[in-house]
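Have a look at the structure below before the remarks.
To find a chain, count down the sequence lines: A is the first, B the second, and so on, and within it residues start at 1.
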Amino acid sequence: MLQIHNNLTKKKEVFTPIVPGKVSLYVCGMTVYDLCHVGHARVMIVFDVVTRYLRASGYDVTYIRNITDIDDKIIARANENGESITTLTERFIAEMHQDADALNVIRPDQEPKATESMADIITMIETLIKKGFAYAADNGDVYYDISKFESYGKLSGRNIDELRSGERVAVNEAKEDPLDFVLWKAAKPEEPSWDSPWGPGRPGWHIECSAMSSRCLGEQFDIHGGGQDLQFPHHENEIAQSEGAHGCQSVNYWMHNGFVRIDDEKMSKSLGNFFTVREVLAKYSAEVIRYFILTSHYRSPLNYSDESLEQAKSALTRYYTSLRDVVGKEAIVWQDDNVFGQRFADAMDDDFNTALAMSVMADVRQALNKQKDAEQASYLAGLLYSFGDVLGLFQQEADAFLLGDQKDNESEKIEALIEARNTARAEKDWAKADQVRDEIVAMGIILEDNAGKTTWRKS
RNA sequence: GGCUGCGUGGCAGAGUGGUCAUGCAGCGGACUGCAACUCCGUUAACGCCGGUUCGAUUCCGACCGCAGCCUCCA
């Protein structure tokens, strides 16, 4: 029985979908003005695994991840670069897809864009005004009046008084209350804009998610995800908008993933302490990054370091080493295995505890290494691949992981050297054999002599 | 300042009122010409101080430390 930590109630709850057998999932995606960093990779991978596991559990999942393609930063960056916002956003959408694909993240069912949702956004703002939750200011802005939404603060656990005490925003004259937030921003000269009943302008950040989630999934849906930093104000405001407009609970389960940190500090654009996915991919394979991210529970902070990535790489190498020698790939359904499969399910059912699930995989790997019977070994390997399908691991051929680029570049040379070494070994010329091996090691290759056969992998 | 969360062995990271996490690394051994791989064995931890309890890393309270949110941020 799947349990999810629901941030709305701050408790682990049994997951019950609105429609039996179906799950509607909305995740806040990227603002596309720059390359994705490791923090973005975490969101993509975490909810990729959530989706994979829900599907493996038999649910028909509709997964929506939006793209924010209009906002202040985008406008600023486009101006800096001297290009149109569309040129900028299209470029970074392509870059994002490239990273997501590299990380083996399954594409969401839909990726709605803010700029393609203007009609829905405007309709929703009109509804909010009509229902008294919002007001148009003299300057063409439209604001949400948070005093009208009684349960404002229920997600982030704040009340309006607390927010006032922590207030440090310069008061915007057009707002009736400094805590009110903008739904529609009147366009300044030269800014990209869309026509609206309040004049040309563009949507505030929060309204797009309310409009797109209800269009794609309905007024009420099962799970809403995103990074922890979106909890306030973004998701709080989303609730105020959606529930104000529709008059019903909008989301049943809120899930927020923890941050990626560097030296115990949040990795973020504003702090400038981030690594892009591109940078990390230059050093480590995508699967190593994915493995690293899944070693911790999704709600915990995750400290990024070379040491951790190296550990992930070593662990993954051991898996592929074990899988490499198994002949054939048996199609196993892990749900049918009532020992390891049950433990795996228990772990994943417990709020997607991937760290615990991976310890089950480690036990399977050890059982596989010990297994002398080929049929049993094949079964265990199949089980490992089956778990891997849920976590998005072991999706490549073992050789592709272990040999990497070397396979294409230098394999002939390596094979020749191995043969030379084995000739020397046959003649018991150990000095020569070791000398050849040193040469191979210098190429970044590690040799393994197994059962009369020498195999190699990159170090 | 307000609110939230966290503090586990060398590192990473789960979990539990009393007996095993797991991974990486280390140590001893088997295997190997030597290594590597693999296997066997093994070391070692629960921030600090009180309380509850027969017993607490696990529950409660104080303290210390760290992080996050309160402003754009995944």
Pick the [atom1] atom in [N] and in [M], then give their distance to the nearest Å.
| N | M | atom1 | result |
| --- | --- | --- | --- |
| A21(B) | G15(B) | C1' | 7 Å |
| C72(B) | G18(B) | P | 46 Å |
| G55(B) | C40(B) | C1' | 34 Å |
| G65(B) | C48(B) | P | 15 Å |
| C60(B) | U52(B) | P | 16 Å |
| A30(B) | A35(B) | C1' | 15 Å |
| U43(B) | G28(B) | C1' | 10 Å |
| U4(B) | G17(B) | P | 25 Å |

Inset, instruction - Using both pair distances under 3.5 Å as the test, note the stems of at least 3 consecutive Watson-Crick or G-U pairs that include RNA chain B. - result: B:1-7 with B:64-70, B:10-12 with B:22-24, B:26-30 with B:38-42, B:49-51 with B:59-61

Would you kindly give the [atom1]-to-[atom2] distance between [X] and [N], to the nearest whole Å?
| X | N | atom1 | atom2 | result |
| --- | --- | --- | --- | --- |
| Asp263(A) | G68(B) | CG | P | 12 Å |
| Arg343(A) | C20(B) | CZ | P | 15 Å |
| Leu271(A) | U71(B) | CG | C1' | 13 Å |
| Met358(A) | C24(B) | CE | C1' | 12 Å |
| Asp264(A) | G68(B) | CG | P | 9 Å |
| Asn237(A) | C69(B) | CG | C1' | 14 Å |
| Leu163(A) | C70(B) | CG | C1' | 7 Å |
| Leu294(A) | G23(B) | CG | P | 17 Å |

Using a strict 4.0 Å threshold on nitrogen-to-oxygen distance, state whether [X] and [Y] make a salt bridge.
| X | Y | answer |
| --- | --- | --- |
| Asp434(A) | Arg425(A) | no |
| Lys185(A) | Asp72(A) | yes |
| Asp399(A) | Arg457(A) | no |

Legend entry - Contact check, side chains of Tyr26(A) and Phe221(A), non-hydrogen atoms, under 4.5 Å: yes

Heavy atoms only, 4.0 Å cut-off, all strands: where does [X] land among base, sugar-phosphate and nothing?
| X | result |
| --- | --- |
| Gly226(A) | sugar-phosphate |
| Gly258(A) | base |
| Val46(A) | nothing |
| Ser314(A) | sugar-phosphate |
| Met267(A) | base |

Can you list everything that forms a side-chain hydrogen bond (donor to acceptor under 3.5 Å, both in side chains) with [X]? Sequence neighbours excluded, please.
| X | answer |
| --- | --- |
| Ser210(A) | Gln241(A), Ser242(A) |
| Gln395(A) | Asp389(A) |
| Thr9(A) | Glu13(A) |
| His40(A) | none |

Legend entry - salt bridge (charged side-chain N to carboxylate O under 4.0 Å, His left out) involving Asp349(A) - partner list, sequence neighbours excluded: none

Would you tell me whether [X] and [Y] have side-chain atoms, one donor and one acceptor, within less than 3.5 Å of each other?
| X | Y | result |
| --- | --- | --- |
| His235(A) | His206(A) | no |
| Gln231(A) | Trp254(A) | no |
| Asp161(A) | Asn159(A) | no |

Inset, instruction - Let me have a per-nucleotide readout for nucleotides 28-41 of chain B, 5' to 3', with B, S or -, counting only protein heavy atoms under 4.0 Å. - result: -----BBBBBSSS-

Legend entry - Base versus backbone protein contacts along nucleotides 9-15 of chain B [heavy-atom cut-off under 4.0 Å; B, S, -]: --BSSSS

Donor-acceptor pairs under 3.5 Å, side chain of residues 63-71 of chain A to any protein atom, not counting sequence neighbours: which ones?
from: Arg65(A); atom 1: NH2; to: Glu111(A); atom 2: OE2; distance (Å): 3.3
from: Asn66(A); atom 1: OD1; to: Gly29(A); atom 2: N; distance (Å): 2.9
from: Asn66(A); atom 1: ND2; to: Thr68(A); atom 2: OG1; distance (Å): 3.4
from: Asn66(A); atom 1: ND2; to: Glu208(A); atom 2: OE2; distance (Å): 3.0
from: Thr68(A); atom 1: OG1; to: Glu208(A); atom 2: OE2; distance (Å): 2.7
from: Asp69(A); atom 1: OD1; to: Ala114(A); atom 2: N; distance (Å): 3.3
from: Asp69(A); atom 1: OD1; to: Thr115(A); atom 2: N; distance (Å): 3.0
from: Asp69(A); atom 1: OD1; to: Thr115(A); atom 2: OG1; distance (Å): 3.4
from: Asp69(A); atom 1: OD2; to: Thr115(A); atom 2: OG1; distance (Å): 2.5
from: Asp71(A); atom 1: OD1; to: Lys73(A); atom 2: N; distance (Å): 3.1
from: Asp71(A); atom 1: OD1; to: Ile74(A); atom 2: N; distance (Å): 2.9

Legend entry - ring pair (Phe, Tyr, Trp, His ring centres under 6.0 Å) partners of residues 287-313 of chain A, not counting sequence neighbours, each pair once: Phe275(A)-Tyr304(A)

Would you tabulate the nitrogen or oxygen pairs shorter than 3.5 Å linking the protein to nucleotides 3-5 of chain B?
from: C3(B); atom 1: O2'; to: Gly157(A); atom 2: O; distance (Å): 3.4

Legend entry - Non-neighbouring partners of Lys154(A) that pass side chain to side chain contact (heavy atoms under 4.5 Å, CB included), sequence neighbours left out: Leu8(A), Ser151(A), Glu236(A), Ile239(A), Glu243(A)

